[in-house]
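Source: prediction; values computed, not measured. Here is how names work: the chains are called A, B, and so on, in the same order as the sequence lines, proteins then strands, and each is numbered from 1.
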Amino acid sequence: MVKPSIPKGTRDFTPETLLKRNYIFDIIRQTFERFGFVPIETPAMENLSTLMGKYGEEGDQLLFKILNSGDFLKQVDLSQDQDYRKVASQICEKGLRYDLTIPFARYVVMHRHEITLPFKRYQIQPVWRADRPQKGRYREFYQCDADVIGSDSLLCEAELMLLYDEVFTRLQLPVRIKINNRKILQGLAETVGCSSMLSDITTAIDKLDKVGTEGVRQELQERFLPQEAIDRIMQYLQLSFAELPAFLANSAAGIQGIAEVTQVMDFLASTPLKNELVADPALARGLNYYTGCIFEVQATQLQIGSIGGGGRYDNLTGTFGMPGISGVGISFGAERIYDVMEQMGLFPEKITKTSAVVLFACFDVAAQRFAMPLAQQLRHAGISVEVYPEPVKIKKQLEYADRRAIPHVVILGSEEMASGLLTVKNMQTGQQQQLTVEALISQLTE
RNA sequence: GAGGAUGUAGCUCAGCUGGUUAGAGCGCCAGAUUGUGGCUCUGGAGGUCGCGGGUUCGAUUCCCGUCAUUCUCCCCA
């Protein structure tokens, strides 16, 4: 006998869980479509050549690689000591996708002739990372991405802010949306005389919420920034957005970044958000492919890290031979949104219930045969119906209805078949009535 | 990659400084109620104490190893 198990960091979803997850996905999907995004899907596996080198050194390590079929050892040169990475590249040509952005870039290039720019796509699919699982972190998890590719306009950024606002409003989950611009951070790096260390600075600043100002200072010291630069960065972190122009006055990039954020705000001037939108100079985001505006969403009532993020990237398709295309996108962290909503009790009561509204409980096979056309009649009236498949004791069948939270049970035996009147039991009140099918239907469809 | 914690019934866990038939709650099954769920009562089933080795007269308990799970850091969603 094999002890049943699933791989580390993966999950089965129970009906209760999946009904709640789908509630979130449905709202996100509907909102994407309301903003004119169209769906695509890409394969779970991509060629490793598509994925490798796109997520940094550590990213390559975190890719799940798929062993070639057939006699994969035939190709391998084991005559001398080899780096395992080299061997891996000889025996694996495919890998599971790590995110939805790179496959999308690949998709755009491959389908360039059938795509009309600007192209607005959304994609809700699982991704895989060979990471060590932790609380709220899995090896298989879903991403919900929407990107606009082929437009430089900051109206896209503004609309994405409205999209975030709409989704979290519908989920009744209060959030703070932060916006900043990579060029502002670049301006900071220039201003403190460390342009070449931009990514060190952004990864350090990114931890501000987690480790505090002293933690950031320490992080910067470990990354060997000059003391003077560190002092000025600490000074920067205290600034409000309004104070940035003075601080970044000598950086063309910095001024450009401020202008971009301001313009996004201008686009939103006459469509106020229901949630908080703040320009936050301290917002960094680790990913290095962002080049313009960057966003992050946090739940305001719970400390749980970000539940969404995104930004503008230039030239994402460049590595696939299609340079000069700019895009901007956002992502929803479905797993964390779920956790927050669960903790705050935001899932509507009715989605946690079973789908069936009526159960037919039959005494014997004759009653079951009698029930079949009645069940169909109810179903055609739009009512979800189950017929209990075994002619066992009514006690047993009522117990089943009780556990599945099915609100109505039709008890069917010789008496009902003779009279043509159905015995309908309301499982909440325990009361029973004798009804014709028509009366039952009209009662349930009121 | 580094460090910690935990593995006992289907689930959540108790089990004293090592001691003879390893317990509880919940769940499950049956009955009280042969055409009626929840509540109650009665009875019942269910355990290689993760696995391997060691110490001992004796190990669920102590030691070592191993596997699994989980948490923190790194990184990320």
Side-chain angles (χ1 to χ4, degrees), chain A residues 1 3-11 14 24 55-63 97-101 124-145 199 202-204 206-207 209-211 215 218-219 222-223 284-288 295-299 304-310 329-340 359-364 367 388 391-418 422-434:
Chain A
M1 190 202 71
K3 192 178 179 185
S5 66
I6 54 174
K8 195 188 295 202
T10 64
R11 296 158 290 169
T14 62
I24 296 173
Y55 308 106
E57 282 174 50
E58 199 139 349
D60 285 354
Q61 303 269 90
L62 296 178
L63 285 171
R97 69 167 164 256
Y98 182 88
D99 70 359
L100 301 178
T101 308
I124 299 175
Q125 287 191 278
V127 302
W128 294 268
R129 294 185 188 177
D131 212 349
R132 189 163 196 150
Q134 270 177 53
K135 193 184 183 72
R137 281 173 62 178
Y138 307 95
R139 290 182 142 181
E140 177 184 63
F141 61 96
Y142 275 73
Q143 288 194 333
C144 315
D145 280 21
S199 70
T202 54
T203 44
D206 195 32
K207 294 178 187 168
D209 279 345
K210 207 169 181 178
V211 298
Q218 203 179 323
E219 182 85 21
E222 282 162 19
R223 288 166 187 273
R285 290 195 69 73
L287 291 177
N288 277 319
F295 330 108
E296 192 160 291
V297 184
Q298 291 172 341
I304 196 170
S306 82
I307 54 177
I330 55 172
S331 182
F332 289 84
E335 322 289 342
R336 280 191 185 168
I337 291 172
Y338 180 96
D339 288 345
V340 173
L359 176 79
F360 278 81
C362 305
F363 282 97
D364 48 34
Y388 196 87
V392 293
K393 279 189 268 191
I394 290 303
K395 175 185 169 68
K396 189 93 184 163
Q397 304 190 44
L398 285 170
E399 209 172 281
Y400 173 83
D402 185 50
R403 286 188 195 194
R404 296 278 316 274
I406 296 171
H408 307 278
V409 176
V410 173
I411 297 169
L412 251 187
S414 48
E415 293 171 22
E416 286 76 12
M417 288 192 277
L422 303 177
T423 301
V424 181
K425 184 179 178 89
N426 180 317
M427 294 297 282
Q428 262 109 55
T429 63
Q431 286 173 345
Q432 290 183 194
Q433 23 179 194
Q434 308 294 123

Next on the checklist: Quick check for you: among B:A77, B:G1, B:C74, whose closest atom lies nearest to any side-chain atom of A:Ser306?
Outcome noted: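 The closest nucleotide is B:A77.
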
Checklist entry - Between the side-chain atoms of A:Arg137 and the base atoms of B:C75, is any donor-acceptor pair under 3.5 Å? => result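 Yes, the side chain and the base share a sub-3.5 Å donor-acceptor pair.
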
Atom [atom1] in [X], atom [atom2] in [Y]: separation rounded to 0.5 Å?
X	Y	atom1	atom2	answer
A:Leu63	A:Trp128	CG	CH2	12.5 Å
A:Tyr142	A:Gln125	OH	CD	8.5 Å
A:Gln433	A:His408	CD	NE2	9.0 Å

Checklist entry - Among side-chain atoms of A:Thr423 and A:Gln432, is any donor-acceptor pair under 3.5 angstrom? => result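 Side chains of A:Thr423 and A:Gln432: no pair found under 3.5 Å.
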
Next on the checklist: Is it the case that the side chains of A:Asp131 and A:Tyr138 hold a donor-acceptor pair, with the cut-off being a distance below 3.5 Å and no angle test?
Outcome noted: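 Absent: no donor and acceptor within the cut-off.
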
Of the non-hydrogen atoms in [X] and [Y], which two are nearest, and what is the gap between them?
X	Y	value
A:Ile406	A:Leu359	CG2-N, 3.7 Å
A:Pro133	A:Lys8	CG-CG, 3.7 Å
A:Ile24	A:Tyr338	CD1-CA, 3.7 Å

Item to check | Dot-bracket notation for RNA chain B, counting Watson-Crick and G-U pairs under 3.5 Å, with | for partners on another strand | outcome: (((((((..((((.....[...)))).(((((.......))))).....(((((..]....))))))))))))....

How many Å lie between [atom1] on [X] and [atom2] on [N], as a whole number?
X	N	atom1	atom2	answer
A:Gln298	B:A77	CD	P	14 Å
A:Lys8	B:U70	NZ	C1'	10 Å
A:Asp206	B:A77	CG	P	9 Å
A:Arg132	B:G1	CZ	P	7 Å
A:Arg285	B:C75	CZ	P	15 Å
A:Lys207	B:A77	NZ	C1'	16 Å
A:Asp131	B:U72	CG	C1'	14 Å
A:Trp128	B:A77	CH2	P	17 Å

Please state the [atom1] separation for the pair [N] and [M] - nearest whole angstrom.
N	M	atom1	answer
B:C41	B:G46	C1'	22 Å
B:A22	B:U8	C1'	8 Å
B:U42	B:C26	P	12 Å
B:G43	B:G25	P	12 Å
B:U6	B:C63	P	11 Å
B:A24	B:C71	C1'	28 Å
B:C73	B:C16	C1'	36 Å
B:G1	B:G18	C1'	39 Å

Using a heavy-atom cut-off of 4.0 Å across all strands, would you classify [X] as base, sugar-phosphate, or nothing?
X	answer
A:Arg129	base
A:Tyr138	base
A:Gly136	base

Item to check | nucleotides 30-43 of chain B: protein proximity per nucleotide (B base, S sugar-phosphate only, - neither; heavy atom, under 4.0 Å) | outcome: -S---BBBB-----

Checklist entry - What residues, two or more places apart in sequence or in another chain, satisfy ring-ring contact (aromatic ring centres under 6.0 Å, His included) together with A:Tyr400? => result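 Partners of A:Tyr400 by the ring-ring contact (aromatic ring centres under 6.0 Å, His included) criterion, ordered by chain and then number, come out as A:Tyr388.
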
Next on the checklist: Need to verify one output field. Residue with the more 5' nearest nucleotide on RNA chain B, A:Gln134 or A:Ile6?
Outcome noted: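 Of the two residues, A:Ile6 wins.
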
Checklist entry - With nearest nucleotides of RNA chain B determined for A:Glu219 and A:Arg403 from heavy-atom distances, which residue corresponds to the more 5′ nucleotide? => result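 The residue whose closest nucleotide sits nearer the 5' end is A:Arg403.
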
Next on the checklist: Please determine whether the number of non-hydrogen atoms from other residues, nucleotides or ligands lying under 6.0 Å from atom CD of A:Glu222 exceeds 12.
Outcome noted: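 Above 12, so yes.
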
Checklist entry - Are any side-chain N or O atoms of A:Gln397 and backbone N or O atoms of A:Val392, one a donor and one an acceptor, separated by less than 3.5 Å? => result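 Answer holds: yes.
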
Checklist entry - Within the structure, does a side-chain N or O atom of A:Lys135 lie under 4.0 Å from either OP1 or OP2 of B:U72? => result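 Negative; the distance criterion is not met.
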
